[in-house]
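Every chain is numbered from 1 and lettered A, B, ... according to where its sequence line falls, protein lines coming before strand lines.
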Amino acid sequence: MLNHKGSYLLEVMVGKENNVFPMVPQGKGVSEVVLCKEDIQ
Amino acid sequence: METLQKIKETPKENTLAKTPLGYGGISGSIAVLEAFIAEGVSTIFGYPGGAIMLIYDALYDYHDRLNHILVRHEQGAIHAAQGYARTSGDVGVVFATSGPGATNLVTGLADAMIDSTPVVCVTGQVFAHLLGTDAFQETDVINITTPVTKWNYQVTDATEIPAVLAKAFYIARSGRPGPVLIDITKNAQLQLFDYEGYEKCNHIRSYRPAPIVRKEYVEEAAKLINEAERPFVIFGQGVILGKAEKEFKAFIEKAGIPAAWTILGMSAIPTDHPLGVGMLGMHGNYGPNLLTNECDVLIAVGMRFDDRVTGRLDKYAKQAKVIHLDIDPSEIDKNVKTTVPVWGDCKETLPMLTKLVEHKVYPQWIQKFADCIAKEKEKVIKQELNPSSEILTMGEVIELVNELTKGDAIIVTDVGQHQMVACRYAKYNQSKSNVTSGGLGTMGFALPAAIGAKFGDKKRTVVAVIGDGGFQMTLQELGTIMQFDIDIKILILNNEFLGMVRQWQELFHQKDIHLPISLARILYNWPAPIVSKVNLFAKEKN
């Protein structure tokens with residue numbers, strides 16, 4: 001893709017139900033940042 | 001001026017002669033283009049229509065110096081202009097027609113406004129005598145765009161055009177940059193007037209884009225920093241917009257203070273800088289978030305304490321003395337109360353501060369950030385970059401981009417999970433490398449913004465990382481990319497969901513009562529490669 005001359009489109013199928021962490025849950029302070037789903041209260 | 005001279009010398013062959021008012025002077029349309037030339041514009045992103053056709057007609061004589069990129073939707077034009085502005089450091093320029101053409105710009109204007117992006121939009125408008133009559137494609141674009149522009153103005157008399165455009169460019173690029181919209185009625189585009197040349201604007205009464213720095217505040221700030229035990233710098237796009245990357249680096253290096261970036265401040269210093277501790281914000285790094293509430297002096301540079309950065313304000317850095325360097329006085333004390341406000345251009349204030357701060361190191365304090373990174377690696381990063389399953393993660397793909405581009409590429413992202421993952425894992429060596437919709441969170445931003453980003457810095461590789469949802473919002477711009485043969489690499493990270501919506505449903509709402517928003521494989525049956533984990537890595541590395 002990067003060596004190709006000109007535009008290139010690559011569709012990559014990734015995990016369907018992955019979550020993005022760390023996360024500061026809505027309504028929480030920054031030091032309540034969590035690293036995984038289980039830490040959310 | 002060359003074109004103008006030619007037109008003046010050969011009046012019968014130019015567009016003026018074709019106008020019903022074929023006497024001396026130049027038309028308002030030509031005055032617009034002369035303004036662009038004088039302001040150094042080389043690329044215009046636009047879409048024509050009835051009310052702006054006269055300007056397009058005049059553009060024909062300027063095609064050797066003004067490159068017009070015909071997008072497929074006006075939203076594409078303004079996002080492209082934003083991408084251009086972000087990578088070039090200059091003003092992006094847009095043409096659109098009246099009515100729907102103008103209203104299609106609104107999302108981009110709002111995006112540029114909240115992300116401080118300098119853009120000048122010229123919209124056509126119906127003849128002045130039709131204003132207010134519900135004429136065909138008439139809309140009150142001035143009232144519609146007032147809250148989402150730094151300045152807007154309607155021109156109904158061509159004699160105003162040179163001065164108004166000079167003001168437009170000056171306002172867009174000075175102080176805290178932003179979008180400007182100039183609406184020009186058709187009669188003004190047609191009108192001939194005695195042109196006295198173009199004069200750039202560098203002053204407007206009561207507008208103070210470059211505030212006079214109060215030295216006593218800088219001294220007070222330096223004193224706080226010198227007395228601090230756990231100082232922490234957080235920086236935003238102001239460092240990049242102020243072209244103050246060097247000054248910023250000199251400051252943190254002399255003072256020895258760990259620094260974290262906001263999503264838009266990213267790439268102002270290389271991501272592997274020893275004092276760079278990562279990204280702030282809801283999905284930023286663990287350490288910068290956690291330790292914001294442990295520092296004793298918080299030094300905010302060119303950032304605006306967005307709620308995605310602060311979380312709950314009543315639990316934000318309450319223990320810290322806050323120094324805020326910003327060019328926009330309305331940002332100071334807006335969300336977070338400052339102990340010392342340093343109102344000014346950080347290109348000017350940072351060196352003043354650097355001179356006054358002592359050489360220091362904070363090994364124990366910096367170790368805390370390292371401990372947090374170690375914890376984040378263990379709990380999050382390891383699984384993201386080396387998952388145990390055969391299913392690809394977004395992080396793995398970004399890591400591969402890092403490996404192949406060696407941190408030299410411009411990465412343009414859309415909005416959602418892929419954006420957060422790209423910004424968390426992408427590596428950058430140089431400034432103006434991260435183009436994304438920060439404040440407004442505009443899905444559909446990336447594809448057109450990548451077009452503009454390429455024109456803004458043609459020498460660099462542009463990779464547009466886009467989710468399957470956002471890609472389908474502006475995918476018409478594939479037509480623009482094909483027509484103008486624009487060399488951008490589009491990387492769709494398809495998880496067959498609106499991933500961030502799904503994540504919130506899972507974490508905060510009752511997932512079972514919500515319909516999952518599943519999107520089909522977009523390029524199914526298209527002649528584009530859809531790759532599995534195994535051959536992605538094999539193919540790209542060869």
>> Counting heavy-atom pairs closer than 4.5 Å to chain B, which one of A:G29, A:S7, A:S31, A:P22 comes out on top?
In response: A:P22
>> How about NZ on B:K315, more than 12 heavy atoms from neighbouring residues, nucleotides or ligands closer than 6.0 Å, or not?
In response: yes
>> At a heavy-atom distance under 4.5 Å, which candidate from A:V24, A:V14, A:V34 has the highest pair count against chain B?
In response: A:V14
> Is there a donor-acceptor pair closer than 3.5 Å between any side-chain N or O of A:K16 and the backbone N or O of B:G499?
Replying inline: no
>> I need the A:L2 CG to B:E403 CD distance, nearest 0.5 Å.
In response: 11.5 Å
> Are the side chains of A:E11 and B:F471 in touch, meaning some heavy atoms are under 4.5 Å apart?
Replying inline: no
> What's the verdict on side-chain contact (heavy atoms from CB on, under 4.5 Å) for B:L478 and A:L9, showing C-alpha distance, side-chain angles and the deciding distance?
Replying inline: CA-CA 10 Å; B:L478 286 175; A:L9 192 150; 3.9 Å; yes
>> Can you tell me if B:Q483 has over 12 outside heavy atoms packed within less than 6.0 Å of its CD?
In response: yes
> CG/A:N3 to OG1/B:T461 distance, rounded to the nearest 0.5 angstrom?
Replying inline: 9.5 Å
>> Any carboxylate oxygen within less than 4.0 angstrom of a Lys/Arg side-chain nitrogen, looking at A:E32 and B:R312?
In response: no
> What residue in A:C36, A:G27, A:P25 has the most heavy-atom pairs under 4.5 Å with chain B?
Replying inline: A:G27
>> For B:L280 and A:V30: C-alpha separation, side-chain torsions, deciding distance, then whether side-chain contact (heavy atoms from CB on, under 4.5 Å) applies.
In response: CA-CA 9 Å; B:L280 297 155; A:V30 282; over 6 Å; no
>> Once salt bridge (Lys or Arg N to Asp or Glu O under 4.0 Å) is applied, do any residues pair with B:D485, and if so which ones, sequence neighbours excluded?
In response: none
>> I'd like to know which of B:T292, B:I481, B:T310, B:D314 tops the heavy-atom pair count under 4.5 Å against chain A.
In response: B:T310
> Which bit of A:L35 is near chain B, if near means a heavy-atom gap under 4.5 Å: side chain, backbone, both or neither?
Replying inline: both
> Taking B:L290, B:V463, B:N285 one by one, which has the highest count of heavy-atom pairs under 4.5 Å against chain A?
Replying inline: B:L290
>> Taking 4.5 Å as the heavy-atom cut-off, does anything in residues 409-425 of chain B contact chain A, and if so which residues?
In response: B:Q417, B:M420, B:V421, B:R424
> Do A:E17 and B:N495 pass the side-chain contact (heavy atoms from CB on, under 4.5 Å) test, and can you show the C-alpha distance, the side-chain angles, and the key distance before you say yes or no?
Replying inline: CA-CA 7 Å; A:E17 301 196 31; B:N495 57 7; over 6 Å; no
>> Looking at every non-hydrogen atom in both residues, tell me the closest pair between B:R502 and A:N18 and how far apart they are.
In response: NH2-O, 3.2 Å
>> Between A:M23 and B:L507, is there a side-chain heavy-atom distance shorter than 4.5 Å?
In response: yes
> A:F21: what forms a ring-ring contact (aromatic ring centres under 6.0 Å, His included) with it, not counting sequence neighbours?
Replying inline: none
> Are the side chain of B:Q503 and the backbone N or O of A:V20 linked by a donor-acceptor pair below 3.5 Å?
Replying inline: yes
>> For B:T480, give me all partners under side chain to side chain contact (heavy atoms under 4.5 Å, CB included), at least two apart in sequence or on another chain.
In response: B:I69, B:V71, B:R72, B:I451, B:E477, B:F484, B:I486
>> Within the structure provided, determine whether A:M13 and B:L392 are in side-chain contact (heavy-atom separation under 4.5 Å).
In response: no
>> Under 4.5 Å from any heavy atom of chain A, what part of B:V309 do you find: side chain, backbone, both or neither?
In response: backbone
>> Please evaluate residues A:N19 and B:E506 with respect to the criterion side-chain contact (heavy atoms from CB on, under 4.5 Å), reporting the C-alpha separation (whole Å), side-chain torsions for both, the decisive distance (0.1 Å), and the verdict.
In response: CA-CA 9 Å; A:N19 291 330; B:E506 178 189 333; 3.3 Å; yes
